[in-house]
Amino acid sequence: MQYIEVAGVRVSKIGLGCWQFGSREWGYGQAYADDEAIRITNKALDLGINLIDTAEIYGFGQSERIVGRAIASRRDDAFVATKIWPLMPIAPVVVDRGRRSARRLNLDTIDLYQVHQANPFVPDAPTMEGMRQLQRDGVIRHVGVSNYSLDRWKRAEEALGSPVVSNQIEYSLAQRRPDQDLVPFAATNDRLIIAYSPLAQGFLAAKYDVTNQPGGIRLTNPLFLDVNLSRGHDLLNTLRSVATTQGATPAQVALAWVVRRRNVVAIPGASSVDQLVRNADAAELDLTDDEDAQLTAASDRFRPLTGLAAAPAWFRSRLTPPARRP
Ligand SMILES: NC(=O)c1ccc[n+]([C@@H]2O[C@H](COP(=O)([O-])OP(=O)(O)OC[C@H]3O[C@@H](n4cnc5c(N)ncnc54)[C@H](OP(=O)(O)O)[C@@H]3O)[C@@H](O)[C@H]2O)c1
């Protein structure tokens, strides 16, 4: 496994995303929550993955409990990151919720405590006051944010009065907006980008098509609409072609592209131990500059239908079975 050290934090380039653990919306079932998730986490630690990412909202605490069970006997192998959902993020609430997360995780100290997203009505000062108290009391070690704009990240840091070490954001070959400011900022300011949905929820694994689409939460992801699966051909074929040259899979190439960016790590979720092992191996893939450029260019050409423009296609796809669609 490869590691990076940024802002005093040492994390594996490939981490493990745990939204899938105990969350109904992924539809992986009880056996996954009870057994496979524990096996996935243990195998991750065996392979040197230390960054384990969860949140209080995932499965309404279930994901944190599963992570807590999985790492109980090997706490020192893990760098545990969790998140507060910013409902009423004033200092006493933040302190209470941080302590509750630590209890569910069975930890004295959470390594990284992140604000899940910016609250549009409450500024960061009261939230960061709570974060400072949690740090003083030893309940959390580092503070991070998630889904923050660059401006709001800087303001959060001013409010904390010390580094907000990371911003967890959606970043992949299918979501390149962070290249405009967040990724360059982190690269030049000793800050960490934690890339979530680095496989675009499986889209970049190049295994889904019009006749084989995922269910659950991914029914709401416009990338899996027929129109976008078809617009994605060029990008997915580029991934397949680089994968063939590298003796890897498209998913591994997609992850390798993400973590090739300076100060960026990726936290793919996994539906099986086998996937986890392959994702960990992606840290060792050495893409050439030319392969990187080919992938970046294919990603630049990819223009998925999103937002309101995707609504008619979304309704059509939900109302018409695949066999009867044009
Ligand atoms: N901060 C935030 O707002 C936020 C938002 C979203 C996610 N996250 C975090 O980021 C993590 C990852 O994001 P995500 O789960 O949305 O998306 P992702 O990591 O891009 O996709 C995960 C899914 O891709 C498929 N997959 C994984 N490895 C694969 C492989 N090697 N080959 C083929 N398919 C593979 C699996 O689904 P199938 O096998 O079922 O296809 C898996 O559940 C989450 O667990 C969570 O911790 C944070």
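Ligands are counted one by one from 1 in listed order, and the atoms in each one are counted from 1 as well.
For the residue pair Gln246/Glu291, the side-chain donor-acceptor check at 3.5 Å is satisfied. For Gln114 and Asn167, the side-chain atoms include no donor-acceptor pair closer than 3.5 Å.
Residues satisfying the salt bridge (Lys or Arg N to Asp or Glu O under 4.0 Å) test with Asp274, not counting sequence neighbours, are Arg278. Checked against side chain to side chain contact (heavy atoms under 4.5 Å, CB included), Glu170 has the following partners two or more places apart in sequence or in another chain: Gln175, Tyr196, Ser197. Every salt bridge (Lys or Arg N to Asp or Glu O under 4.0 Å) that Glu36 has, sequence neighbours left out, goes to Arg39.
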Do any nitrogen or oxygen atoms of ligand 1 lie under 3.5 Å from a protein nitrogen or oxygen, and which ones?
from	atom 1	to	atom 2	distance (Å)
ligand 1	1 (N)	Ser146	OG	2.9
ligand 1	1 (N)	Gln168	OE1	3.1
ligand 1	3 (O)	His116	NE2	3.4
ligand 1	3 (O)	Asn147	ND2	2.9
ligand 1	8 (N)	Tyr58	OH	3.4
ligand 1	13 (O)	Ser197	N	3.0
ligand 1	15 (O)	Gln20	NE2	2.7
ligand 1	16 (O)	Ser197	OG	2.9
ligand 1	16 (O)	Gln201	NE2	3.2
ligand 1	19 (O)	Gly269	N	2.9
ligand 1	20 (O)	Pro198	N	3.4
ligand 1	20 (O)	Leu199	N	2.8
ligand 1	20 (O)	Ala200	N	3.3
ligand 1	20 (O)	Gln201	N	2.9
ligand 1	26 (N)	Gln275	OE1	3.3
ligand 1	28 (N)	Gln275	OE1	3.4
ligand 1	28 (N)	Asn279	ND2	3.0
ligand 1	31 (N)	Asn279	OD1	2.8
ligand 1	34 (N)	Lys207	NZ	3.0
ligand 1	34 (N)	Gln275	NE2	3.3
ligand 1	37 (O)	Tyr28	OH	2.9
ligand 1	37 (O)	Arg218	NH1	3.3
ligand 1	39 (O)	Lys207	NZ	3.1
ligand 1	39 (O)	Ser271	OG	2.7
ligand 1	39 (O)	Gln275	NE2	2.8
ligand 1	40 (O)	Tyr28	OH	2.7
ligand 1	40 (O)	Arg218	NH2	2.7
ligand 1	41 (O)	Lys207	NZ	2.8
ligand 1	41 (O)	Tyr208	OH	2.4
ligand 1	41 (O)	Arg218	NH1	3.0
ligand 1	43 (O)	Gln20	NE2	3.2
ligand 1	43 (O)	Tyr28	OH	2.7
ligand 1	45 (O)	Gly17	O	3.4
ligand 1	45 (O)	Cys18	N	3.3
ligand 1	45 (O)	Trp19	N	3.1
ligand 1	45 (O)	Gln20	OE1	2.9
ligand 1	47 (O)	Cys18	N	3.3
ligand 1	47 (O)	Asp53	OD2	2.8

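No more than 12 heavy-atom neighbours from other residues, nucleotides or ligands sit within 6.0 angstrom of CG on Asp108.
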